[in-house]
Number of protein chains: 2
Amino acid sequence: MESYRKFFHQYFLLYRPFISDLNRLLNEYDLHYSQWSIMYYLEMYESVTLVELSKHLYVEKPTITRTVNSLIKLQYVEQIKGRDNREKRIQLSPRGKEITAILRKNIDEYEQDIMTGISPEQQAEVIEVMDQIRSMIIKRGV
Amino acid sequence: MESYRKFFHQYFLLYRPFISDLNRLLNEYDLHYSQWSIMYYLEMYESVTLVELSKHLYVEKPTITRTVNSLIKLQYVEQIKGRDNREKRIQLSPRGKEITAILRKNIDEYEQDIMTGISPEQQAEVIEVMDQIRSMIIKRGV
DNA sequence: TCAGATAGTTACCATGAGTAACTATTAGGT
DNA sequence: ACCTAATAGTTACTCATGGTAACTATCTGA
């Protein structure tokens with residue numbers, strides 16, 4: 001089999017086992033991966049608008065609206081006032097920050113665990129390659 | 001950010017852009033990725049049972065049943081007689097083989113396109129790492 | 001031979017995502 | 001300054017994908 005073909009084959013084979021485990025960790029706090037991806041982003045960038053999330057996560061706006069609303073309902077996320085009255089700018093609530101810290105720790109442990117035996121150099125290589133492919137896909141789609 | 005953390009972050013960032021493009025290619029033949037993953041497997045292994053698919057794809061049996069039935073309805077897949085009357089053994093139909101060949105070509109082109117600039121050595125490295133991680137996840141889950 | 005294991009199905013529910021059509025607000029060109 | 005076009009977000013609806021529980025049919029092995 002050609003190596004590029006193998007690449008994508010292997011990529012998808014990893015997805016389902018991986019997301020299953022992650023959701024198992026997240027369920028302890030009534031969360032699913034789609035919600036976590038937003039909390040994760042908020043942990044890094046402090047505050048964001050729904051359009052920013054939509055573009056970054058490659059998910060349509062209505063889906064983002066729904067997921068963000070579920071996080072607001074759980075009181076993990078809160079809306080803040082922005083300059084532009086059209087936009088809805090959100091950030092993690094104090095409770096959201098707590099939960100994020102705990103989950104970040106659990107997920108870190110899990111990730112380190114399943115990465116056992118893979119050298120930091122290999123990890124860096126893989127990260128770089130995935131980043132390049134994402135860029136190619138996005139550039140292509142414009 | 002720790003490199004193991006970056007790995008999973010980057011992994012998921014690639015998933016949605018990638019699956020969106022794939023589904024766009026597959027839609028020409030009324031297919032979605034969940035169906036394609038089965039056709040792809042059938043192209044490699046000739047004939048399989050639903051339980052084999054379930055284990056390999058890491059998806060529960062009822063989900064496999066539904067997806068396989070949709071492929072039978074599309075006449076891309078047909079049931080064949082096996083030794084064990086409990087099992088449902090399937091293979092690609094002649095039409096299914098045609099479609100698979102065409103799609104394989106289109107997807108190959110697409111994949112080669114977005115892998116431009118990534119050396120075969122890098123590709124091999126990444127494939128190896130993803131395989132190792134999948135093994136770790138599965139072993140862990142036992 | 002029959003109890004337990006295995007293969008598959010049915011019914012039902014949850015999650016995640018998309019499209020079309022809409023409102024509210026802002027930005028920019030004249 | 002005004003109005004059109006663009007942008008941000010929402011609502012309503014639908015589809016794809018997947019899970020669990022409970023079931024039937026068949027096979028295997030003590």
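Chain A is the first sequence line, chain B the second, and so forth, proteins listed ahead of strands; every chain is numbered from 1.
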Q | Partners passing ring-ring contact (aromatic ring centres under 6.0 Å, His included) against A:Tyr15 (at least two apart in sequence or in another chain) | A | B:Phe12, B:Tyr15
Q.
Tell me whether the rings of A:Trp36 and A:Tyr40 are parallel (<30°), tilted (30 to 60°) or perpendicular (>60°).
A. perpendicular
Q.
I want to confirm an ordering. Mapping A:Asp84 and A:Gln35 to their closest nucleotides on DNA chain C, which one lands closer to the 5' end?
A. A:Gln35
Q. Are A:Arg104 and A:Glu111 close enough for a salt bridge, meaning some N to O gap below 4.0 Å?
A. yes
Q) Sequence neighbours excluded, which residues qualify as salt bridge (charged side-chain N to carboxylate O under 4.0 Å, His left out) partners of A:Arg86? A) A:Asp84
(Q) I'd like to know whether CD of A:Gln75 has more than 12 heavy-atom contacts from other residues, nucleotides or ligands below 6.0 angstrom. (A) no
Q: Give the angle between the helix axes at the two ends of the helix from C:dT1-D:dA30 to C:dT30-D:dA1, taking five base pairs at each end and rounding to 10°.
A: 30°
Q | Opening and closing nucleotides of DNA chain D in contact with chain B, under 4.0 Å to non-hydrogen atoms | A | D:dA16 to D:dC27
**Q.** Partners passing side-chain hydrogen bond (donor to acceptor under 3.5 Å, both in side chains) against A:Asn23 (at least two apart in sequence or in another chain)
**A.** none
(Q) For B:Ser34 and A:Lys88, find the nucleotide of DNA chain D closest to each by heavy atoms; which residue's nucleotide sits nearer the 5' end? (A) A:Lys88
Q: May I ask you to list the residues of residues 22-33 of chain A, by number, that have any heavy atom positioned under 4.0 Å from an atom of DNA chain C?
A: A:His32, A:Tyr33
Q | Any residue of residues 53-62 of chain A with a heavy atom less than 4.0 Å from an atom of DNA chain C | A | A:Val59, A:Glu60, A:Pro62
Q | Nearest heavy-atom neighbours spanning A:Glu46 and A:Gln91 | A | O-CB, 3.4 Å
Q) Roughly how far apart are B:Met136 CE and A:Leu14 CG, rounded to 0.5 Å? A) 12.5 Å
Q) Under a 4.0 Å heavy-atom cut-off, which of residues 65-72 of chain B touch DNA chain D? A) B:Arg66
Q) How would you list, by chain and number, every residue that makes a salt bridge (charged side-chain N to carboxylate O under 4.0 Å, His left out) with A:Glu52, sequence neighbours excluded? A) A:Arg89
Q: Would you kindly give the CZ-to-P distance between A:Arg86 and C:dT25, to the nearest whole Å?
A: 10 Å
Q: Please identify each residue that fulfils ring-ring contact (aromatic ring centres under 6.0 Å, His included) with A:Tyr45, with sequence neighbours left out.
A: A:Tyr41
**Q.** Counterpart residues, salt bridge (charged side-chain N to carboxylate O under 4.0 Å, His left out), relative to A:Asp30 (two or more places apart)
**A.** none
Q: Mind checking salt bridge (charged side-chain N to carboxylate O under 4.0 Å, His left out) for B:Asp131 and listing every partner two or more places apart, or none if nothing turns up?
A: none
Q: Compare side-chain N and O positions of B:Asn85 against OP1 and OP2 of C:dA7 and report whether any pair is under 4.0 Å apart.
A: no
Q.
Salt bridge check, B:Asp21 against B:Arg24: does any charged N sit closer than 4.0 Å to a carboxylate O?
A. yes
Q. Are A:Tyr76 and A:Tyr29 an aromatic pair by the rule of ring centers under 6.0 Å?
A. no
Q | Any B:Thr49 side-chain nitrogen or oxygen under 4.0 Å from OP1 or OP2 of C:dA7 | A | no
Q: Please name the pair of heavy atoms, one in B:Ile90 and one in B:Leu42, separated by the smallest distance, quoted to 0.1 Å.
A: O-CD2, 3.5 Å
